[in-house]
Amino acid sequence: MAGQDIPEEYLDGYARILTDASATGRRLTRDELESRRALGKRAAEAGFGLRALVGAHLTAARLHWPATGGESTLAAVEQAVDAFAEGYERAQLLAVRQEEAARREFIDDLLHGRSDLGLLAERAERFGLRLSHAHAVAVARGRAGYGEGDTVPREVEQALIARFGDRSVLVTTKDGRLVCIAPGDQDDVLSFFAKQAYAATDGGQVAIGRSQPGPGGVVQSYEEALNALDLAERLEFDTPVLRSADLLVYPVLTRDRQAMADLVVSALGPLRAARGGAEPLLGTLTAYFDSGCVAAEAARRLSLSVRALTYRLARIHKLTGANPADPVHRYTLQTAVIGARLLDWPQKDF
């Protein structure tokens, strides 16, 4: 053994190189350097630590130090060890890149549901996930897009590890967004992720999908979170954290697109006849409903006087025949307003 359990094979030819270089005062040849790099690569692939390997080289140099050894021997040791370390580092870098590629491929397959679920479950165990259990997914978006090695994802992941340790949680990125996959019964992990992601993305928005069972549960929860973010963008929700469970009414409302379009045109179509078109009055209804039908709050949001807001509501009543302040009419108008925002009316006609 060459010291610290390093086999002699990783020092093959080293003593001869030192003796010859010391005697001639020459530098190591290209073939000799390449042989050191090859041994360094093999040692890395075998799992030996670089510190122990360098120590073995120094021990061997001391044992085989030529009687006339001097600066030329020291230079040979330096060249040999440097080449060996270069080969070792190259192998490690290649292994890291291969691991990253395998991780990226797994994440893409997992979040798109493109792979055989049985094989996917087997691959998942390598990354700490047990897909036979229920999982929930949180997705965060910021002003910029994020990649796997960027500072923001690393900061969020490190914060999670510091807080929870190893809880079978996977933090990654997809299409520029941060993604956290956690067991379905660990809502505290996703809530903490949402808090950290919101801060790290400088006020981004986070959506949390519902816990879903089985190997296909991750992609279902992921799609719910994405849909929640899309819905928030279309409806101009500025809530920092969205939960798909709280937004289930909106997919229901838009499931029959034609029926919703008919409702929008029927209930709000007459607003087109107003001076300035439908948009100012549609914005008035939006602010009124978003403020809980409190006129003073709606007026403040629109930078109007309460009197001006009341005039607009009266104008809407006259044009549509529906009174926004009347509970009987309010549900129809509010549903139509939601539909208009989802269907981008009146910018798009039906």
Fill in: Between CG on residue Leu282 and CZ on residue Arg272, distance to nearest 0.5 Å
10.5 Å
Worksheet item: Shortest non-hydrogen contact from Leu39 to Asp12?
Response: CD1-O, 3.7 Å
Worksheet item: Above 12 or not: heavy atoms from other molecules or residues under 6.0 Å from CZ of Arg26?
Response: yes
Worksheet item: Same cluster or not: are Val77 and Tyr10 linked, directly or through other Ile, Leu, Val, Met, Phe, Trp or Tyr residues, by side-chain heavy atoms under 4.5 angstrom apart?
Response: yes
Worksheet item: Hey, are the side chains of Leu268 and Leu263 touching, using non-hydrogen atoms and a 4.5 Å cut-off?
Response: no
Fill in: Under-4.0 Å salt bridge between Arg90 and Glu86
yes
Worksheet entry | Salt-bridge criterion met for Glu157 and Arg154 (N-O under 4.0 Å) | no
Discussion item. Within the structure provided, determine whether Leu74 and Trp65 are in side-chain contact (heavy-atom separation under 4.5 Å).
Written reply: yes
Worksheet item: For the hydrophobic clusters of this structure (ILVMFWY residues joined by side-chain heavy atoms under 4.5 Å, transitively), does one cluster hold both Ile107 and Leu178?
Response: no
Worksheet item: When Arg301 is tested against each of Asp290, Val294, Thr286 for side chain to side chain contact (heavy atoms under 4.5 Å, CB included), which residue passes?
Response: Asp290
Fill in: Nearest heavy-atom neighbours spanning Leu309 and Ala295
CD2-O, 3.0 Å
Discussion item. Do Pro346 and Glu279 have side chains that approach each other closer than 4.5 Å (heavy atoms only, starting at C-beta)?
Written reply: yes
Item to complete: Kindly compute the distance separating CG (Leu131) from CD (Glu125), expressed to the nearest 0.5 Å.
Response: 8.5 Å
Discussion item. Can you confirm whether the side chains of Gln258 and Asp262 place a donor and an acceptor under 3.5 Å from each other?
Written reply: yes
Worksheet item: Any sub-3.5 Å donor-acceptor pair from Ser221's side-chain atoms to Val137's backbone N or O?
Response: yes
Response to the item:
From the list Arg103, Lys174, Arg123, salt bridge (charged side-chain N to carboxylate O under 4.0 Å, His left out) partner of Asp108 resolves to Lys174
Worksheet item: With hydrophobic residues grouped by side-chain heavy-atom distances under 4.5 Å, do Leu129 and Val171 end up in a single group?
Response: no
Practice prompt. Before giving the answer on side-chain contact (heavy atoms from CB on, under 4.5 Å), spell out for Phe289 and Ile338 the whole-Å C-alpha distance, their side-chain angles and the decisive distance to 0.1 Å.
Written response: CA-CA 10 Å; Phe289 293 134; Ile338 293 171; over 6 Å; no
Worksheet item: Is it the case that one hydrophobic cluster holds both Val249 and Leu285, taking links as side-chain heavy atoms less than 4.5 Å apart, direct or via other members?
Response: yes
Discussion item. Has Arg177 got a side-chain atom pairing as donor or acceptor with Ala140's backbone, closer than 3.5 angstrom?
Written reply: no
Worksheet item: Does Asp326 have any side chain to side chain donor-acceptor pair (under 3.5 Å) partners at least two apart in sequence or in another chain, and if so, which?
Response: none
Discussion item. Using modelled atom types and a 3.5 Å cut-off, is there a donor and acceptor pairing between side-chain atoms of His57 and backbone atoms of Leu53?
Written reply: yes
Practice prompt. Provide the closest heavy-atom pair for Ala225 versus Ala207 in the form atom of the first, atom of the second, distance.
Written response: O-CB, 3.3 Å
Discussion item. One pair to check against side-chain contact (heavy atoms from CB on, under 4.5 Å): His112 and Val219. What are the steps and the verdict?
Written reply: CA-CA 6 Å; His112 285 297; Val219 68; 5.7 Å; no
Fill in: Taking every non-hydrogen atom, the tightest pair across Leu18 and Ala76
CD2-CB, 3.9 Å
Item to complete: Mind checking the CZ-CG spacing from Arg312 to Leu281? Nearest 0.5 Å is all I need.
Response: 6.5 Å
Discussion item. To the nearest 0.5 Å, what is the distance between OH on Tyr14 and OG1 on Thr19?
Written reply: 10.5 Å
Worksheet entry | Presence of salt bridge, Arg42 and Glu45, under 4.0 angstrom | no
Practice prompt. Please say whether more than 12 non-hydrogen atoms of neighbouring residues, nucleotides or ligands are located less than 6.0 Å from CD in Glu78.
Written response: no
Worksheet entry | Neighbour count above 12 (heavy atom, 6.0 Å) for Arg234 CZ | yes
Practice prompt. Can you tell me which residue pairs pass the ring pair (Phe, Tyr, Trp, His ring centres under 6.0 Å) test with a partner in residues 219-278, sequence neighbours excluded?
Written response: Phe237-Tyr250
Practice prompt. Please test Gln186 against Asp188 for side-chain contact (heavy atoms from CB on, under 4.5 Å), starting from the C-alpha separation and ending with a verdict.
Written response: CA-CA 5 Å; Gln186 295 186 15; Asp188 56 336; 3.7 Å; yes
Discussion item. Nearest 0.5 Å, please: how far is CG in Leu120 from CZ in Phe106?
Written reply: 5.5 Å
Discussion item. Taking the side chain as everything from C-beta on, heavy atoms only, tell me whether Leu226 gets closer than 4.5 Å to Asp175.
Written reply: no
Fill in: Closest heavy-atom pair and its distance - Tyr198, Pro240
CE1-CB, 3.6 Å
Worksheet item: Cut-off 3.5 Å, side chains only: do Glu224 and Gln212 have a donor facing an acceptor?
Response: yes
Practice prompt. Using atom types as modelled and distance alone, determine if a side-chain donor or acceptor of Ser244 lies under 3.5 Å from a backbone N or O of Arg210.
Written response: yes
Practice prompt. Using a strict 4.0 Å threshold on nitrogen-to-oxygen distance, state whether Arg36 and Asp82 make a salt bridge.
Written response: no
Practice prompt. Could you tell me whether Gln347 atom CD has more than 12 heavy atoms of other residues or ligands within 6.0 Å of it?
Written response: yes
Practice prompt. Indicate yes or no: at least one non-hydrogen side-chain atom of Met260 is less than 4.5 angstrom from one of Leu342.
Written response: no
Fill in: Heavy-atom side-chain contact between Arg143 and Asp202 under 4.5 Å
yes
Worksheet item: Are Leu231 and Asn227 side-chain neighbours, meaning at least one heavy-atom pair lies under 4.5 Å?
Response: no
Worksheet item: Do any N or O atoms from the side chain of Tyr88 and from the backbone of Phe48 form a donor-acceptor pair under 3.5 angstrom?
Response: yes
Worksheet item: Distance from Phe84 atom CZ to Leu33 atom CG, nearest 0.5 Å?
Response: 13.5 Å
Worksheet entry | Pairwise side-chain contact, Phe164 with Val169, heavy-atom cut-off 4.5 Å (strictly under) | no
Worksheet item: Is there a donor-acceptor contact under 3.5 Å from the side chain of Thr29 to the main chain of Glu32?
Response: yes
Worksheet item: Do Gln196 and Glu155 have a side chain donor and acceptor closer than 3.5 Å?
Response: no
Discussion item. Is there a path of hydrophobic side-chain contacts, each under 4.5 Å between heavy atoms of I/L/V/M/F/W/Y residues, joining Leu247 to Val139?
Written reply: yes
Item to complete: Indicate whether any N or O donor in one side chain lies under 3.5 Å from an N or O acceptor in the other, for Ser191 and Arg243.
Response: yes
Discussion item. If you compare all heavy atoms of Pro270 against all heavy atoms of Ala267, which two are closest, and at what distance to 0.1 Å?
Written reply: CD-O, 4.1 Å
